[in-house]
Amino acid sequence: MSAVSSPAAYLDATDPLAPFRQEFHIPAGPDGRPCVYFCGNSLGLQPKAARAAVEQEFEAWERLGVEGHFHGTSPWMHYHETLTEASARLVGALPVEVVVMNSLTVNLHLLLVSFYRPTGSRYKILMEGGAFPSDQYAIESQARLHDLDPAEVIVELVPRPGEHTLRTEDITAKIQELGDSLATILIGGVNYYTGQAFDMATITRAGHTVGAYVGFDLAHAAGNLEMHLHDWDVDFACWCSYKYLNSGPGGTSGVFVHEQFANRPDLVRLAGWWGHDPSDRFQMKKGFRPMAGAAGWQLSNAQIFPMAIHRASLDIVDRAGGMAALRRKSERLTEQLETLIRELALPSAQLEIITPADPAQRGCQLSVLVHQRGRELFDFLASQGIIADWREPNVIRLAPVPLYNSFEDVHRVGKALARFFK
Ligand SMILES: *Cc1c(COP(=O)(O)O)cnc(C)c1O
């Protein structure tokens, strides 16, 4: 039996996911030891399997040229299809409801083209105030695409005075208030800044009650939360793969379109040949006929190299036992981190955790609002080999992720914080 020297070491020794840490490259800190990487919410670490996965496609291209579309270990013609089942498991969807393609903001636009169809009386979009800028710009420009004024179209949800996060009852009340004027709801599954996870099932139900489409940007939710998009009746969603899904900078993106739209060729969309019915795709004829399901939103033939990395990453999630297993560990890691921060007993005028304390309302990330010496704290953490993330004006985001972070990592952060504030 190995000697276990501390409570954190004990938790790591009994953690069923601990072996997965070995499957990632962990960058070194200033002292040469592996850093504490709490930045998986921004860019996940590189799976060791990623290089071989890409290498395999280089090799196929080298050996087969154009024939790689039809031959080799994983013919490119059908490559994207090999990501479908794992992506469906990831977000709680049916395979027909998901497709992997493009990148996140591009997919947001493609989905809004179909699911934001303003009329004279129903034209508003509800979103969270302070959403990620790309989402704000996407929605503004979608309003302009319909010759509407973004200021009249966009309704932003903001926390009550003195609060940092949104209350579900305030979200549903706003939906009721907007009623027939509400065309579309688009909210992050998890807000990138506060780390708040929204009650997607309740928001979807409320949106449908007033006849609006409901979609989610899952950039900070995919690979972080357990989701049931199909059962929740969500209309559409998309996510990136390079944050909690470790699929490399600028990696590919996932899309969800609910089964109820699977056979709706009448839905307005931007079309391309890869979304066309494959039975006569290569007859190169006029007249777009979309494939059933989310696949019918594809434009271009698959980006094999980013998809190869994504496939290797999704495989790790599956081997780890899927989102249920990841989430079990994730809740414990975050709870430990929260406890260590609370034990500092700092006045809220100095430091506050703005992420909800309720585990059901957050993913792994804790956002710490540092009212004094914030930048100094961030730099101190960096000097200790702790990679966190700084958001202006004074928030430090700490994201312990279950696949490669350890309880020892959390302990190191707790010790560094205690040293800084002693
Ligand atoms: C990370 C993130 C993006 C980034 O969009 P890309 O198109 O992948 O550059 C967009 N929206 C949200 C909410 C994000 O968190």
Side-chain angles (χ1 to χ4, degrees), residues 38-45 83 87 90-91 98-113 115-116 125-142 154 156-158 165-166 171 184-198 200 203 214-225 227 229 234 236-256 270 297-300 303 305-307 309-310 313 354-355 362-367 387-392 395-399 401:
F38 272 15
C39 218
N41 55 345
S42 187
L43 181 71
L45 289 180
L83 300 168
S87 300
L90 185 77
V91 297
V98 299
V99 70
V100 172
M101 60 185 192
N102 310 318
S103 49
L104 172 55
T105 308
V106 173
N107 287 335
L108 215 44
H109 276 297
L110 293 180
L111 290 168
L112 285 169
V113 161
F115 294 103
Y116 177 57
I125 302 184
L126 183 65
M127 65 186 298
E128 80 239 71
F132 194 88
S134 202
D135 301 46
Q136 298 184 40
Y137 307 150
I139 292 176
E140 276 174 32
S141 58
Q142 285 283 331
I154 299 170
E156 291 189 336
L157 294 157
V158 290
T165 52
L166 294 166
I171 300 176
T184 303
I185 299 173
L186 179 69
I187 300 185
V190 174
N191 180 269
Y192 82 101
Y193 188 74
T194 64
Q196 178 177 22
F198 295 107
M200 293 185 246
I203 294 171
V214 184
F216 294 95
D217 181 331
L218 302 177
H220 281 261
N224 185 16
L225 299 182
M227 292 182 279
L229 298 184
V234 169
F236 67 96
C238 48
W239 55 96
C240 56
S241 64
Y242 50 82
K243 291 172 179 167
Y244 294 110
L245 293 172
N246 311 310
S247 300
T252 188
S253 164
V255 164
F256 168 91
L270 297 181
W297 271 264
Q298 294 173 101
L299 300 181
S300 300
Q303 297 148 301
F305 295 98
M307 286 187 184
I309 301 175
H310 194 35
S313 294
I354 61 173
T355 309
R362 67 186 186 198
C364 70
Q365 170 186 325
L366 290 183
S367 299
I387 303 188
D389 169 285
W390 175 257
R391 288 288 134 163
E392 294 295 339
V395 162
I396 296 177
R397 302 187 303 174
L398 300 164
V401 306

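Because only heavy atoms are used, hydrogens play no part in the values below, and waters and symmetry mates are left out as well, while side chains stay in. Order of listing sets the numbers, starting from 1, for every ligand and every atom in it.
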Non-hydrogen atoms of Trp239 and Leu90 that approach each other most closely: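 Smallest heavy-atom distance, with atoms named: NE1-CD2, 4.1 Å.
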Side chains of Gln136 and Ser134: is there a donor and an acceptor less than 3.5 Å apart?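 No.
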With side chain to side chain donor-acceptor pair (under 3.5 Å) as the criterion, how do Asn107 and Ser253 come out once you've worked through the C-alpha distance, each side chain's angles and the decisive distance to 0.1 Å? CA-CA 8 Å; Asn107 287 335; Ser253 164; 2.8 Å; yes
Should Asn102 and Thr252 be marked as a side-chain contact (heavy atoms from CB on, under 4.5 Å) after you check the CA-CA gap, both sets of side-chain angles, and the distance that decides it? CA-CA 6 Å; Asn102 310 318; Thr252 188; over 6 Å; no
Using a cut-off of under 3.5 Å, which N/O atoms of ligand 1 pair up with protein N/O atoms, and what distance separates each pair?
residue  : atom   : partner : partner atom : Å
ligand 1 : 5 (O)  : Thr105  : OG1          : 3.3
ligand 1 : 7 (O)  : Thr105  : N            : 2.9
ligand 1 : 7 (O)  : Thr105  : OG1          : 2.6
ligand 1 : 8 (O)  : Tyr242  : OH           : 2.5
ligand 1 : 11 (N) : Asp135  : OD1          : 2.6
ligand 1 : 11 (N) : Asp217  : OD2          : 3.1
ligand 1 : 15 (O) : His220  : NE2          : 3.2
ligand 1 : 15 (O) : Lys243  : NZ           : 2.5

Pair Ile187, Leu157 - check side-chain contact (heavy atoms from CB on, under 4.5 Å), show working. CA-CA 10 Å; Ile187 300 185; Leu157 294 157; 3.7 Å; yes
Check against side-chain contact (heavy atoms from CB on, under 4.5 Å), Tyr192 and Arg391: CA-CA 10 Å; Tyr192 82 101; Arg391 288 288 134 163; 4.1 Å; yes
